[in-house]
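The structure that follows is given in the form of structure tokens.
Worth knowing before you read on, the calculation uses all heavy atoms, side chains too, and leaves out hydrogens, waters and symmetry mates. Bear in mind that the values here come from a model prediction, so they are computed numbers and not experimental data.
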Amino acid sequence: MTTLALPLIEPNKVSLGGHEKFVFRYGWLKKGADALAHNPAVFSAEDAIVALGVGKNMVRSIRFWGLALGLFEEDTSNRKSLALRLSQLGQALLSDTGWDPYLEDLATLWLLHWQLATNPARALVWHLAFCDFLEAEFTKPQMIAFVARAFDRLGVSTTPASIERDVEVFLRTYVPATRKPSEAPAEETMDCPLVELRLLDYAPEDGVYRFNSGAKISLPTPVFGYALLVFLSQVAAHRRAVAFDECLYRRGSPGQVFRLDETSVAEHVEALEALTQGALSVRESAGVRQVYLQALDEAAFRALAFNLLERYYAGDER
């Protein structure tokens, strides 16, 4: 049975912190994108507070989230520069004529969740929680302990306080604020847009968080397809088939990141055969379901993934 290699996490490339204890908010990503269009070095500029219309810590937080969500990227054309630019996805989503610059479509939130959870270099705690943590429920101390062990195993050096801050922000990314505005600064009671996905539930009476696993009726097949094609692109050039279970259970797979059940993944994958004109199909051989891939290289697979999103936002695949 063909299996996928686990994606490597390189400790020397992991960037920790930067969110300044804020989750991202509606309007922040568009605000950052517009500012970058006028000044690629805006986040390090002296007038960044004025240009973005937020406090100094929020300037740093917008930068963090833009990079963690894969919507901003470093401009590598000048190594001495602190300039950023919009990624291909960032430009497509957030430009004035973009697909969904103000995050009004739940599909966009699913897409951003995928981007975040599959970015270990910029959002390692989020990646570990969705790609490595296998428990259905947990307490905050249990998640902190899990992350600390994972960091130790990976050789990522940081402090216990830093881990606790990252776990706290991770939780607030997906769970509505439970404190009353009078009990905390207003900035800390603002919910993240990803709360709408309801991937995590919280029971305050016992302090337990629970992943919501199963069907996700607001997750469109083209967004699932984008995620699956990106996931499979690493093997598309030299393998023609991947076990169906890899798409469901393998670390970093859409099944894991979206917390889907077997039936949901099967339905999405089967629908993708028509949406990809046969570039991806499901067959069963000797009682084993496999996902078959057309002979495309990695770049072509990623282009096909992006095309699924283009067609969805154009209204062709709704």
Legend entry - Approximate separation, where rounding is to 0.5 Å, of Thr173 OG1 and Trp65 CH2: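 So the gap between those two atoms works out to 4.0 Å.
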
Inset, instruction - Kindly assign one of parallel, tilted or perpendicular to the pair His19 and Phe64, based on the angle between their ring planes and the thresholds 30° and 60°. - result: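 Because their plane-to-plane angle is over 60°, the rings of His19 and Phe64 count as perpendicular.
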
Legend entry - Ile62/Phe43 under side chain to side chain contact (heavy atoms under 4.5 Å, CB included): CA gap, chis, key distance, verdict: CA-CA 9 Å; Ile62 293 173; Phe43 290 103; 3.8 Å; yes

Legend entry - Nearest atoms (heavy-atom pairs only) where Gly70 meets Ser87: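 Looking at all heavy atoms of both residues, the closest pair is O-OG, 2.7 Å.
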
Legend entry - Among Glu270, Glu284, Glu262, salt bridge (Lys or Arg N to Asp or Glu O under 4.0 Å) partner for Arg289: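 That would be Glu262; it is the only one of Glu270, Glu284, Glu262 passing the salt bridge (Lys or Arg N to Asp or Glu O under 4.0 Å) with Arg289.
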
Inset, instruction - Check the pair Ser281 / Glu273 against side chain to side chain contact (heavy atoms under 4.5 Å, CB included), numbers first and verdict last. - result: CA-CA 5 Å; Ser281 61; Glu273 183 166 3; 3.5 Å; yes

Legend entry - Check: Ser218/Trp110 side-chain N/O donor and acceptor closer than 3.5 Å: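 Yes, side-chain donor-acceptor contact under 3.5 Å.
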
Inset, instruction - Evaluate side chain to side chain contact (heavy atoms under 4.5 Å, CB included) for Leu116 paired with Phe130, printing each intermediate quantity in order. - result: CA-CA 10 Å; Leu116 183 64; Phe130 280 98; over 6 Å; no

Legend entry - CZ on Arg122 to CG on Leu16, rounded to 0.5 Å: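 Answer for the CG-CZ pair, Leu16 versus Arg122, is 11.0 Å.
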
Inset, instruction - For the pair Lys30 and Glu104, find out whether any cationic side-chain nitrogen is under 4.0 Å from an anionic carboxylate oxygen. - result: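 Result for this pair is no, no salt bridge flagged.
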
Inset, instruction - Using a strict cut-off of less than 4.0 Å between a Lys/Arg side-chain nitrogen and an Asp/Glu carboxylate oxygen, indicate whether Asp34 and Lys31 qualify as a salt bridge. - result: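 Judged by the 4.0 Å cut-off on N to carboxylate O distance, Asp34 and Lys31 do not form a salt bridge.
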
Inset, instruction - Give the minimum heavy-atom separation between Cys131 and Gly252, together with the two atoms involved. - result: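 Minimum heavy-atom separation between Cys131 and Gly252: SG-CA, 3.6 Å.
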
Legend entry - Pi-cation contact, Tyr292 with Arg283 (under 6.0 Å, within 45°):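 Judged by the rule (NZ or CZ under 6.0 Å from the ring centre, within 45° of its axis), Arg283 counts as positioned above Tyr292.
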
Inset, instruction - Kindly compute the distance separating CG (Leu109) from CG (Asp100), expressed to the nearest 0.5 Å. - result: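 Going from the CG atom of Leu109 to the CG atom of Asp100 covers 8.0 Å.
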
Inset, instruction - Decide whether Ser264 and Asp261 meet the rule of one side-chain donor and one side-chain acceptor closer than 3.5 Å. - result: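 Yes, side-chain donor-acceptor contact under 3.5 Å.
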
Legend entry - Stepwise side chain to side chain contact (heavy atoms under 4.5 Å, CB included) check, Leu93 with Leu29: CA-CA 10 Å; Leu93 273 174; Leu29 300 176; over 6 Å; no

Inset, instruction - Locate the shortest heavy-atom distance separating Arg198 from Asn212; write the atom from each residue and the value. - result: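 So the minimum-distance heavy-atom pair works out to O-ND2, 2.8 Å.
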
Inset, instruction - Describe, in one word, how the ring planes of Phe133 and Phe138 are oriented to each other, choosing from parallel (under 30°), tilted (30 to 60°) and perpendicular (over 60°). - result: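 If you compare the ring of Phe133 with that of Phe138, the planes turn out perpendicular.
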
